[in-house]
Amino acid sequence: MTAWARIRTRRRDRGARFLVPAFVILAVTSIYPTLYSFFMSFFDWNWGQRFNFVGLQNYVDLVTGQHFRDTLWNTIVFTVSAVSVEFVLGLGLALVMTRLRFGQGLIRTLLLVPLMVSGIIVSVIWKVMLDPSVGIIGYGLHLLGLPRMGFLGDPSMAMGTIVLIDTWWQTAFVFIVLSAGVQALPIEPFEAAEVDGASSWQRFRYLTLPLLKPAILVVLMFRTVDCLKVFAIIYGTTGGGPLTTTESVQIMAYRQAFKTLNMSASMTTMVVFAAFALLVLVVYQRLLPTEEVT
Amino acid sequence: MRRRRWSIGTWVAYAIALVATLISLFPLYWLFVISTKTPREAFETPPQLIYMPDFSKYFEIWGQAGFASAYLNSIMVVALGVALTLLVATPAAYAVIRFKVRGVRYLRFWLLLAYTTPEFLFVIPMYVLYQQLGLYDTVLGLAIIYQVFAIPFAIWLIQSFLGEVPRELGDSARVDGASELQTLLKVYLPLAAPGLAATAILVGINMWNEVTIALSLTFDNARTVQIAVAGYRGYAAIRWQEMAAAAVMAVLPMVIFAGIAQRYIVKGLTFGAVK
Amino acid sequence: MRSPIRRTGVLLATVAIAVSACAGQGSTPAPSVAPSAVPSVAASVAASAAPSVATSAAPSAEPSAAAFDWKKYAGTEITFLANQHPWTDGATKLIDQFTAETGIKVNMQPFSEDLYFDKMEQTIRSGGADVYFLPMDSTAYSQYSADLIEPLTPYLEDPAKTAADYDFADFPAGFLGGALYPPGDPAAQVYGIPISFETYILFYNKDLVTSVPATFPDLIADAQRITAEKGGEGISGSVMRGIRSDTIMDTLSGVVWNSFGAADAPTPYGMWFDGAWDKPRLTDAGVCSGLANYGNLLAAGPSNKYAIDWPDANTLFSQGKAAYFIDASLFGPSYEDPTVSQVAGKVGYAVLPPPSAGAESYTGHWLWGLGIPKSAANKDAAWYFIQWMTDKAHTAEIGKSTGGAPRLSSYSDPVYTSALNPEYVDTVSKAMATSRTTVVLKDGWKDGALAIADTELAIAQGTDPTVACAAGNEALKAAVNP
């Protein structure tokens, strides 16, 4: 048997050893807790003496209760709004960058800065700026003759404000991915189209967008999932208020587990929500044109 | 080629880029301003644009027990976490590209699944488990739980970098009698080192900035710098100047790292996303 | 709510603080349930005012011939889980002296208030603290119901454990009600020793307000006027706690007591229920108008009013951004400190304006105490800490930092009495004369409190009070009777 053949036959069994540590950690930190949550969702446990088997009662309560539906709806509205705005702005910026003659590296680095900031610090910054009584933005509005709006403290505006904050924070992600995508676009089709007399808009619609489709879908998928899971920026600014208008599903789960100490309810919420997020993921996977390998 | 005069389009593009940059950076500038003015001055209207900055809080916050230990905790969590990730993910990535492991197709799905899982789904059971194991509120506990996101991400990234190493090099090392482990260490790693460094930076940034899990699984001993920033409350008022100074200190390392590793970040974020 | 004070208030000796829940009335026992207990202390002078409630709180031990052995537990170390509160500041200064006198080492763990509540619940369940800041209300009651805290009466009654001059009777009975369990039971035991009290008064900015409103409706009208005029400058007529949380209950209760007046409201039900948990009475005229008063005053606040909690409200008032602020008396002393307050010297203090001309003003009070979890490792040493910190001399001393010393004797103690704004002092003592407890003792009261908060918030947003109170009543009933 040649040396090559010997190596080939031994390859398969070696693989397992190298993968074991990864799977062990995965099992402990991911599989076990998920199963545990699923198991505990059939009980009523308040981190104290109350621990009874209740079957599907938690699920029934959750789904029939108005609160979860409102919260899920809030979260979906937030996600759709934020992702749309971030996508349009990010794509726009990526295209704008192509028109610059110099300084692209610097500008790209500067635009990336908000993404390097954690959710808590983003919250702190914006909370200070948006306070109607002492914030700089309130002052700016006053100078323009506009009323000092409540922003994060006004029930009708709070969620919209969170969308804007998330936009400031995460548009850079969309921008950077689409920017790379745009840079990788082949030149020939565009030159040919220009020669054929296609307008900018036509080139954009029939060339740019379709060619960018894989990148666009990946970006949309990551942003969608991220927005569904939103927690940090809401926790740091409004905590779910005012009057629960900005409560997202993860904020709700946090409150249930750590404030009202209702562990089971919290786990039930998360199981249902995880299923929902998984569904969204599957939908996006179906939409993606090709299976990426590397 | 001679430079032509800029078209309107180019001017507009620069204007837009300028506005975008200002919007991106102003809040951080304002944060810095607040950290160098007393709250009274920071919030007075109209705000003074020219002033003598007061850097005292930047020194004071270190003297306050909470912040200094939180900063240290974050450093330890990131160091430990990234080390653990590289240790576990590198062999796994190697296995993926060298061996015909059945699970290769599922790797990408595993990554996406890990990213899609809402944190509280596994955080709450881990809260219970950690309390029993004594890992609650420890740096080690945090570093372990962060692997949930870090490992799939790192495997995905590293296998791309390792994949760039020509197969023949590895094969010839094997023929020469090297074990797989030796091949990995002596052949692949040196060539893929920059990629590994990039992965380490990306994973590190995510761990440093992580909030949700840190909030739930730590309290005072292992509190990370992000949670400490949020904790700058006095009895009846938020200590704005200290909080802003703490926030700047928490952001600074990441911005510096990002500046250094900017092209790797771009590569990491776009890897596989664009054909 | 659970808020801080800083300095001292000079309370007149006569303020034998008729800290009665039924101010001015004799002790009329509630019909059905075992009444007696709790607060109907007729307004009389000096320490003897206390307890017809002698049943519950243990009388101080008889003077024993042998000197009390303070060093009995020398060498032990106890962990003290504390809230970042001015009381903690004052106590911290005395820790070394405590250790010197008793040989007990104290490991202090302070947390900012919002974190403190989470930490408290975790710690008393899993162990790790010997002494902790106990909220003398339904929170502690829930802990008692879950069998997590140690009754302190046995320690008080044991002459070997409590010094002869401790004089437990020096605490007004009305201050103990929040930690006497089971509520209404003649054999109730005390689970927390009071360390700091607060009562709800009106603060106003003299720069923005020319004359104190005579009635609550006048107050609301004036606040609305100021907001309309000065809103553009970032100044509002009023600032109140507006978040949707059970934590606003105590301030809210104070305002509702003002409208409810002197009518009977036996514990543990407070004014919210008519003698039974399934008989909520948000639709009662007094209660509903009290809720409406709070809601309407809240509505005159800044545009982010529903996100404002006490730290924000306190800060805004202290920066001169609001004309009126109703909340805990503890905030008062901090307004006079020019290093932190921009309104030093410009703050006026008044009792809550009565609901109508000529009516009497009422308000509420609330307390922090110290307790021992059942999971504590060193209960006896912990008790030494508590009794040392809450004895006459030290209550007065620490009271200098809080302004809310809960012992009657403190008010005739020159250590405690120090110069402070006389208007503040006068107001607090007037308020104390007609102050009723805000405590409702029910396991899981949080949900009920939220239902009441929702009612007040609905009114603030424009719902007709009658409609809101009726809906709130139903919600309260459902929340409390699952």
Side-chain angles (χ1 to χ4, degrees), chain A residues 3 7 11-12 14-15 18-19 21-22 25 29-30 33-34 36-37 93 96 99-101 107 109-114 116-121 124-125 128-129 134 136 139 176-177 180-181 184 214-215 218 225 229 231-232 236 250 253-254 257 263 266-267 270 273-274 277-278 281 292 294, chain B residues 9-10 13-14 16-17 20-21 24-25 27 30-31 34 43 45 47 88-89 91-92 94-95 99-101 108 112 115-118 120-122 124-126 144-145 147-148 151 160 163 174-175 180 209 211-212 226 229-230 243 247 250-251 254-255 258-259 262 266 269-270 272-275:
Chain A
I7 294 172
R11 247 187 216 156
R12 244 159 251 171
R14 298 289 179 153
F18 283 67
L19 290 167
I25 295 197
T29 58
S30 198
T34 308
Y36 185 91
S37 277
L93 277 175
V96 160
R99 300 288 245 134
L100 300 184
R101 297 295 181 84
I107 295 184
T109 309
L110 292 178
L111 288 179
L112 202 51
V113 168
M116 296 298 121
V117 180
S118 76
I120 285 277
I121 296 182
V124 166
I125 296 175
V128 168
M129 296 202 301
V134 298
I136 187 73
Y139 176 65
I176 212 80
V177 175
V218 163
V225 165
K229 298 196 299 174
F231 180 81
Q250 291 231 96
Y254 171 77
M263 293 296 177
S266 188
M267 293 194 217
M270 286 326 297
F273 185 61
L278 197 59
L281 173 68
E292 308 287 334
T294 287
Chain B
T10 313
Y14 271 101
I16 294 178
T21 311
S24 292
L25 297 179
W30 197 243
L31 184 72
I34 293 185
F43 298 133
T45 54
V88 171
Y94 181 72
F99 313 125
K100 298 232 183 337
V101 183
R108 192 159 160 273
L112 293 173
Y115 264 34
T116 309
T117 311
F120 282 107
L121 181 69
F122 57 85
I124 296 168
M126 290 311 274
I144 291 176
I145 195 75
Q147 303 308 318
V148 171
I151 289 182
S160 332
R174 295 281 286 124
V175 167
E180 292 289 359
N209 282 343
V211 172
T212 312
Q226 308 298 341
V229 167
M243 188 187 240
V251 167
M254 293 307 110
V255 171
Q262 185 245 344
V266 175
L269 286 173
T270 62
V274 179
K275 209 38 197 97

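So that the names make sense, note that chain A is the first sequence line, chain B the second, and so on, each numbered from 1.
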Which heavy-atom pair separates [X] from [Y] by the least distance, and what is that distance?
X	Y	result
A/F18	B/A95	CB-CB, 3.7 Å
B/P118	A/K229	CA-CD, 3.5 Å
B/A247	A/I121	O-CD1, 3.5 Å
B/A13	A/V96	O-CG1, 3.5 Å
B/I124	A/M267	CG2-CE, 3.8 Å

May I ask you to test the [X]-[Y] pair for a side-chain heavy-atom distance under 4.5 Å?
X	Y	value
B/Y14	A/L100	yes
B/M254	A/V117	no
B/W30	A/I136	yes
A/I25	B/I151	yes
A/I120	B/N209	no

Need one label for [X]: side chain, backbone, both or neither, based on atoms under 4.5 Å from any heavy atom in chain A.
X	answer
B/Y115	both
B/T212	both
B/I144	both
B/A89	neither

*Do the two ring centres, one from A/F231 and one from B/F120, sit under 6.0 Å apart?*
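Ring centres of B/F120 and A/F231 closer than 6.0 Å.
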
Highest number of heavy-atom pairs under 4.5 Å with chain B: which of [options]?
options	value
A/M129, A/Q250, A/M263, A/R99	A/Q250
A/V113, A/L111, A/L278	A/L111
A/A232, A/S37, A/A257, A/A253	A/S37
A/G236, A/S30, A/G119, A/P114	A/P114

Given the options [options], which has more heavy-atom pairs under 4.5 Å with chain A than any of the others?
options	result
B/L121, B/V88, B/I16	B/L121
B/A92, B/A250, B/P47, B/P27	B/P27
B/V211, B/I145, B/I34, B/V229	B/V211

With rounding to the nearest 0.5 Å, note down the distance linking [atom1] in [X] to [atom2] in [Y].
X	Y	atom1	atom2	value
A/L110	B/T21	CG	OG1	6.0 Å
B/S24	A/I107	OG	CD1	11.0 Å
B/L112	A/L281	CG	CG	5.5 Å

_side chain to side chain donor-acceptor pair (under 3.5 Å) partners for A/S118, two or more places apart_ =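 Counting only residues at least two positions away or on another chain, A/S118 forms a side chain to side chain donor-acceptor pair (under 3.5 Å) with B/Q226.
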
